[in-house]
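Below: one structure, written as C-alpha cells.
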Amino acid sequence: MCLPPSSVAVVLGTRPELVKLAPLIHELGDATRLVHTGQHWDEAMSGRFLRDLDLPRPELLTGVGGRPRAGQIAQSLGQLDAAFAEDRPAAVVVQGDTNATLAGALAANAREIPLVHVEAGLRSFDRAMPEEHNRVMVDHVSDLLCAATGENVANLRAESLAEDRIELTGNTVVEVVRRQLPDGAARAALLAAHGLRPDAYVLATVHRPENTDTAEALGAVLAELDRIARAGTPVLFPMHPRTRAAVERFGLDGLLERLAVTGPVGYGDFLGLACHAALLVSDSGGVQEECTVLGRPLLVVRRSTERPEAVAAGFAALVRPGEELGTLARAWLSDTPERLARLAATPSPYGDGLASARIAALTAALAGPAGRQALPSAA
Ligand code: UDP
C-alpha cells in the first residue's frame, strides 16, 4: 500500500469490529493508525482479539466503556476530534453500526476528513434498534460506502445516496473466517476438550437487549436451550458479559444447569466450534454471516435482521424466543445430515474473499491527492 505510515485512522470499539476489520488492517499494513474507543475494553472482548488477529497496538480512548449511548458517543467524539486535530489522518475507516462507528464517522465529518464505511447499506428497518440509527447516520456522512451485497447497494440507492459514493466490495467476513478457522487437527482437539462430537451439538450465543433486557425474553431463550439439552443434544453456551449479568439479575441460573456454560471464547475457538455444530442459535450479527462461510444452520433469535441474505440463501431463519425457537430447533436437528449436505453445496452470499483487498485499494485512492476523483465509480 503506497500510503504514508499511520495515515489511515481505523476507528473501532467492539469485538465484531476487530474481527471484520482485521483483514483490511492487514491490507493497509503500516498505513494503519488503529484507534480503539474502549467501548468493550477487556481481555475477553478485546485484548485476546487484538493478539489473536495479529493487530497493531491501538491508541486507546478513555472513559467510554460502561456509559449510556450518548455518553459513549460524546466521550469518543471529543477525544477523536482532539486526536485528529493534532495529527490529521488522510482518511478515516469505520465498520458496522456501533457507537464507536458513529463517533468515528462524526469526528471525520467534523474535520472534513474522507470517510470510508465498511459494511454500508445494512438495514433492519427496525427503528427500535440503536444500531439502525447508527448505520443510517454513518452511511449518510460517508464518502465511500463499501456495500457487502447487492441488497445493501439497493438499500443505499433507495435512500438516494449518490451512486459515485457506492462500491460493491463483498464482506471481509469471508476472508477472516478462512484465515482464522483452526485446521482439522486443532478443531478435533478443541471438540475433544469440550467433550463434543462433530455434527451432534448446539452452539448458542445471545446478548442483544431484546433478549437480555427482560426476564421473560431471556427466560424464554434459556428454557428452550434447556429443553434441547434435556432431550440429549449438548448445548454449548459461551456467555456474553451482558447476558451473565442479566441471568444473575433475573435469578435464571437454574436454566443454565444442563447447558455447558463458558465465558466468551476466542475467535479461532468460536469458529472451530461453530464449524462442527449441528445447529447454531444466536442473535449476533457476525454469526449470521459466518454461518454461510462455514455451511452451518443458524436460528436467529431476533424480531428483525439487517442481514436477510443468510435467510434467503437457506442458512438461517428468524425465530422468536420461546416456543418458535424450540419447535424449529427440534425440526432442524431431526434432519441434520441432509441439511448439512445442502448447506455445504450453497455458496456464501457474502462474496469471494477479496473484499478487504478491494476496500484497501479504494481507501488508498480516496486518501490520495485526487481523493474521490480517483475512485472507479467517480470516473
Ligand atoms: N464470537 C467470539 N466468541 C464468542 C462469541 C462470539 O469470537 O464467544 C465472535 C463471533 O464469531 C462474531 C463476533 O464475535 O464474529 C460477534 O460479536 P457480537 O455478537 O458481540 O456482535 P455482533 O456481530 O452481533 O455485532
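Counting starts at 1 for both ligands and their atoms, following the listed order.
The existence of a salt bridge linking Arg227 and Glu224 is confirmed by a sub-4.0 Å separation between a basic side-chain nitrogen and an acidic carboxylate oxygen. Between Glu43 and Arg51 there is a salt bridge, since a side-chain N of the basic residue sits under 4.0 Å from a carboxylate O of the acidic one. Between Asp199 and Arg296 there is a salt bridge, since at least one side-chain N of the basic residue sits less than 4.0 Å from a carboxylate O of the acidic one. Between Arg342 and Asp335 there is no salt bridge, since no side-chain nitrogen of the basic residue lies less than 4.0 Å from a carboxylate oxygen of the acidic one.
Here is the list of ligand 1 atoms found below 4.0 Å of a heavy atom in Glu290: 10 (C), 11 (O), 12 (C), 15 (O). Taking every heavy atom of Pro238 and a limit of under 4.0 angstrom, the matching atoms of ligand 1 come to 8 (O). Close contacts of ligand 1 with Pro264, meaning ligand atoms under 4.0 Å from a residue heavy atom, involve 8 (O). Each of the following atoms of ligand 1 lies closer than 4.0 Å to a heavy atom of Gly285: 22 (P), 23 (O), 24 (O). Those atoms of ligand 1 that come under 4.0 Å of a heavy atom in Tyr267, given as number and element, are 7 (O), 11 (O), 15 (O).
Taking CD of Glu132 as the reference point, atom CZ of Arg123 lies at 6.0 Å (rounded to 0.5 Å). A distance of 4.5 Å separates CG in Asn152 from CG in Leu122, rounded to the nearest 0.5 Å. Atom CG of Leu168 is separated from atom CD of Glu151 by 12.0 Å, given to the nearest 0.5 angstrom.
With a 4.0 Å heavy-atom cut-off, ligand 1 is reached by the side chain of Phe270 but not by its N, CA, C or O. Contact annotation for Ser284 and ligand 1: heavy atoms of both the backbone and the side chain come within less than 4.0 Å of the ligand. Within the 4.0 Å heavy-atom criterion, the part of His207 lying near ligand 1 is the side chain and not the backbone.
Listed by first and then second residue, the side chain to side chain donor-acceptor pair (under 3.5 Å) pairs involving residues 273-290 are Lys20-Glu289, Asn171-Glu289, Arg187-His276, Thr205-Ser282, His207-Asp283, Asn211-Asp283, Tyr267-Glu290, Gln288-Thr305, Glu289-Arg307 (not counting sequence neighbours).
Under 3.5 Å, the side chains of Gln95 and Glu119 contain a donor-acceptor pair of N or O atoms.
Among all non-hydrogen protein atoms, the one lying nearest atom 21 (O) of ligand 1 is Pro16 CG, 3.3 Å. For atom 3 (N) of ligand 1, the closest non-hydrogen atom of the protein is Val265 O, 2.8 Å. For atom 7 (O) of ligand 1, the nearest protein heavy atom (residue, atom name, distance) is Phe49 CZ, 3.2 Å. Arg15 NE, 4.1 Å is the protein heavy atom nearest to atom 13 (C) of ligand 1.
Between Arg208 and ligand 1, at least one pair of N/O atoms sits closer than 3.5 Å. Residue Gly286 places at least one N or O, backbone or side chain, under 3.5 Å from an N or O of ligand 1.
Partners of Arg258 under the side-chain contact (heavy atoms from CB on, under 4.5 Å) rule, at least two apart in sequence or in another chain, are Asp226, Ala229, Arg230.
Heavy atoms of Gln288 stay at 4.0 angstrom or farther from ligand 1.
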